[in-house]
Amino acid sequence: MKFTYSKTALACALALSANLVWAEEITAASAPAAVSESGEVLRYAEADTKRLPENAPAAANAAEAAAPAANPNLSAVGRALNDNGITPHLIAAYSYFTNPSAGIDTHKNEQLAMIIAGADINLQKAGLVKGGHIHFSQMWVPYIEGLDYGNDVGSVLAGHPPPYIPRVSHLARFTYEQRLLDDKLSIELGKSNPGNFYGKSLCAYELACVNPVLLKVAHFSAPPYAGWSARAAYKITPELEASGGWWRTYQAFPFTNGWEKGWDNTRIYNDEGNVYIAGMNYKADRSRNAYPLELESFLMHTDHKFPHPYYGRAQMEQGMTGIHVGARKVVWRKDGGNLSAPHPTTLSVYGSLSHMFNPTVFSGLKTYANAGVLWTAPFANRPGDTLGLNFSMARFSRDGQRAMAERYTGSDGWQPKRNEFQVSLDATVPINRSVIFQLSAARTWNGSNWMLQQGQTHADRPKNGLSLSAGITILLDQVMGLVDRTPPQ
């Protein structure tokens with residue numbers, strides 16, 4: 001049996017358990033008409049308190065969801081909602097992480113279950129406001145075990161990806177979007193996260209390439225955590241878009257719920273600040289280009305105050321500026337470039353870089369980069385599968401390196417390296433139209449203790465070794481017949 005699905009719709013769901021695959025589709029099998037426009041893409045992050053940070057989803061707005069196909073359950077309700085401009089979303093996910101041989105304390109694990117519910121409302125289709133759209137997403141975490149997993153591992157590349165979610169309920173997005181000039185101009189105001197729009201993941205499994213520089217250092221916070229925001233985007237051409245935005249974010253984002261007023265700095269953590277982003281994106285038209293190229297670039301600035309990575313709160317710093325660039329391109333097709341093929345077997349290469357220019361940066365992490373290869377639709381009867389090989393690198397500042405060295409109390413003379421490396425084999429495999437399985441097996445070198453907070457120490461030497469993660473996502477809205485995410489053939 002052949003299962004197909006919209007990659008964008010999947011990304012919207014997978015973000016529940018990871019970082020999102022770069023918006024819309026990885027394959028030509030994706031179809032914007034079959035996708036939600038919610039940007040329910042949630043990249044998870046770790047805390048600024050008990051365990052350190054984590055980024056996402058981040059997905060760009062996609063086209064409206066298609067009306068549900070004829071099937072039992074609630075398909076009639078779904079069609080009625082769609083006819084009135086309402087696209088509901090209901091998604092569940094379970095994730096598991098373990099470190100058989102990597103990190104400070106091995107053989108630990110983390111497990112969590114998540115549910116996200118929301119809707120996109122097309123006010124024009126509802127007969128209310130031309131070009132108006134409302135986006136809403138709320139997340140619940142009814143089950144989580146192993147919140148200390150990040151500290152147990154210590155490594156930024158092996159220990160940072162798993163979510164740190166100490167609170168059960170989180171507003172993920174609540175915005176009003178106005179589209180103008182034949183949808184070339186989009187202006188969106190409300191509660192959202194920078195990761196809904198910027199820093200899209202490129203690898204086969206989002207948790208294999210979580211970006212700690214964006215999520216933690218640049219103060220994006222993880223997409224389940226929404227703050228006040230304003231963003232504008234203009235399509236210069238159908239392929240080229242310029243955009244910019246402002247967000248009010250928190251360093252201790254795991255201890256927020258998204259409903260904070262967010263205008264003053266009187267919270268107990270004294271951790272609020274502003275993030276400003278300006279960028280350019282290019283995405284080739286897949287219907288006309290057999291070997292499409294996608295590019296993302298943006299500058300970012302945050303005015304957050306933060307403790308010096310070595311001296312701590314005795315020396316407070318403020319403000320950082322950085323850059324992010326990412327690209328992905330199809331370089332080989334089994335069919336030789338037949339644009340009419342609905343599910344081509346392809347090889348793609350990708351790479352991204354996030355770097356902060358300041359000599360002193362929050363948490364002592366200056367750079368994150370990754371690169372890899374994607375093999376899409378490797379088997380003729382499995383057009384939805386994607387396999388990947390991903391390489392990641394994290395680079396610390398000298399102050400960050402000094403701080404990590406002081407956390408180690410062992411007697412064997414271990415010293416942290418400035419560069420940490422990881423390679424992983426990743427897979428995204430749809431079990432059927434509504435259930436998606438993902439897996440990653442990673443090997444880390446030059447393991448660190450970056451995940452520990454200032455003042456925390458350890459006597460066990462960080463180990464280079466293996467870490468594993470797996471997740472399953474269920475598109476409950478599609479199971480119930482409320483939406484149909486199947487792309488047109």
Could you check whether any side-chain heavy atom of [X] comes within less than 4.5 Å of a side-chain heavy atom of [Y], counting everything from C-beta outward?
X    : Y    : result
P309 : S363 : no
D426 : L439 : no
Y368 : L157 : yes
V423 : L389 : yes
K463 : S101 : no
W247 : S192 : yes
K191 : S229 : no
E294 : K329 : no

What class does the angle between the rings of [X] and [Y] fall in, given that below 30° is parallel, 30 to 60° is tilted and above 60° is perpendicular?
X    : Y    : answer
H308 : Y310 : perpendicular
F396 : W450 : tilted
F253 : Y225 : tilted
Y198 : F298 : perpendicular
W375 : F379 : tilted
F136 : F174 : perpendicular

Consider only side-chain N and O atoms of [X] and [Y], and report whether a donor and an acceptor are under 3.5 Å apart.
X    : Y    : result
T249 : H304 : yes
D460 : Y408 : no
T106 : N99  : no
S397 : D399 : no
D120 : T87  : no
H135 : T175 : no

Does [X] use its side chain to pair, donor to acceptor, with the backbone of [Y] at less than 3.5 Å?
X    : Y    : value
D477 : L90  : yes
Q318 : F306 : no
S137 : R173 : no
Q478 : L475 : no
R382 : P430 : yes
E317 : K305 : no
N211 : L214 : yes
N358 : T360 : no
T428 : A204 : yes
H219 : V217 : yes

Residues Q438, E206; criterion side-chain hydrogen bond (donor to acceptor under 3.5 Å, both in side chains); working and verdict
CA-CA 9 Å; Q438 290 184 293; E206 300 83 353; 3.1 Å; yes
Derivation and outcome, side-chain hydrogen bond (donor to acceptor under 3.5 Å, both in side chains), residues Y96 and E110
CA-CA 6 Å; Y96 178 85; E110 179 180 338; over 6 Å; no
Residues H458, N449; criterion side chain to side chain contact (heavy atoms under 4.5 Å, CB included); working and verdict
CA-CA 9 Å; H458 64 100; N449 58 23; 2.8 Å; yes
Mind listing the closest non-hydrogen atom pair of [X] and [Y] along with its distance?
X    : Y    : answer
P462 : G447 : CB-O, 3.7 Å
S354 : V213 : CB-CG1, 3.9 Å
S448 : E420 : OG-OE1, 2.7 Å
N370 : S392 : CB-OG, 3.6 Å
V330 : S348 : CG2-OG, 3.4 Å
D303 : N274 : OD1-N, 2.7 Å

Taking atom [atom1] of [X] and atom [atom2] of [Y], what is their separation to the nearest 0.5 Å?
X    : Y    : atom1 : atom2 : result
R328 : K200 : CZ    : NZ    : 10.5 Å
W246 : L189 : CH2   : CG    : 9.5 Å
W259 : S169 : CH2   : OG    : 8.5 Å
I323 : L353 : CD1   : CG    : 8.0 Å
N281 : E241 : CG    : CD    : 6.0 Å
I277 : L299 : CD1   : CG    : 10.0 Å

Between W445 and R443, is there a cation-pi geometry (under 6.0 Å to ring centre, at most 45° from the normal)?
yes
Walk me through whether N464 and T444 qualify under side-chain hydrogen bond (donor to acceptor under 3.5 Å, both in side chains).
CA-CA 5 Å; N464 301 324; T444 303; over 6 Å; no
Salt bridge K108-E145, side-chain N to carboxylate O under 4.0 Å
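Result for this pair is no, no salt bridge flagged.
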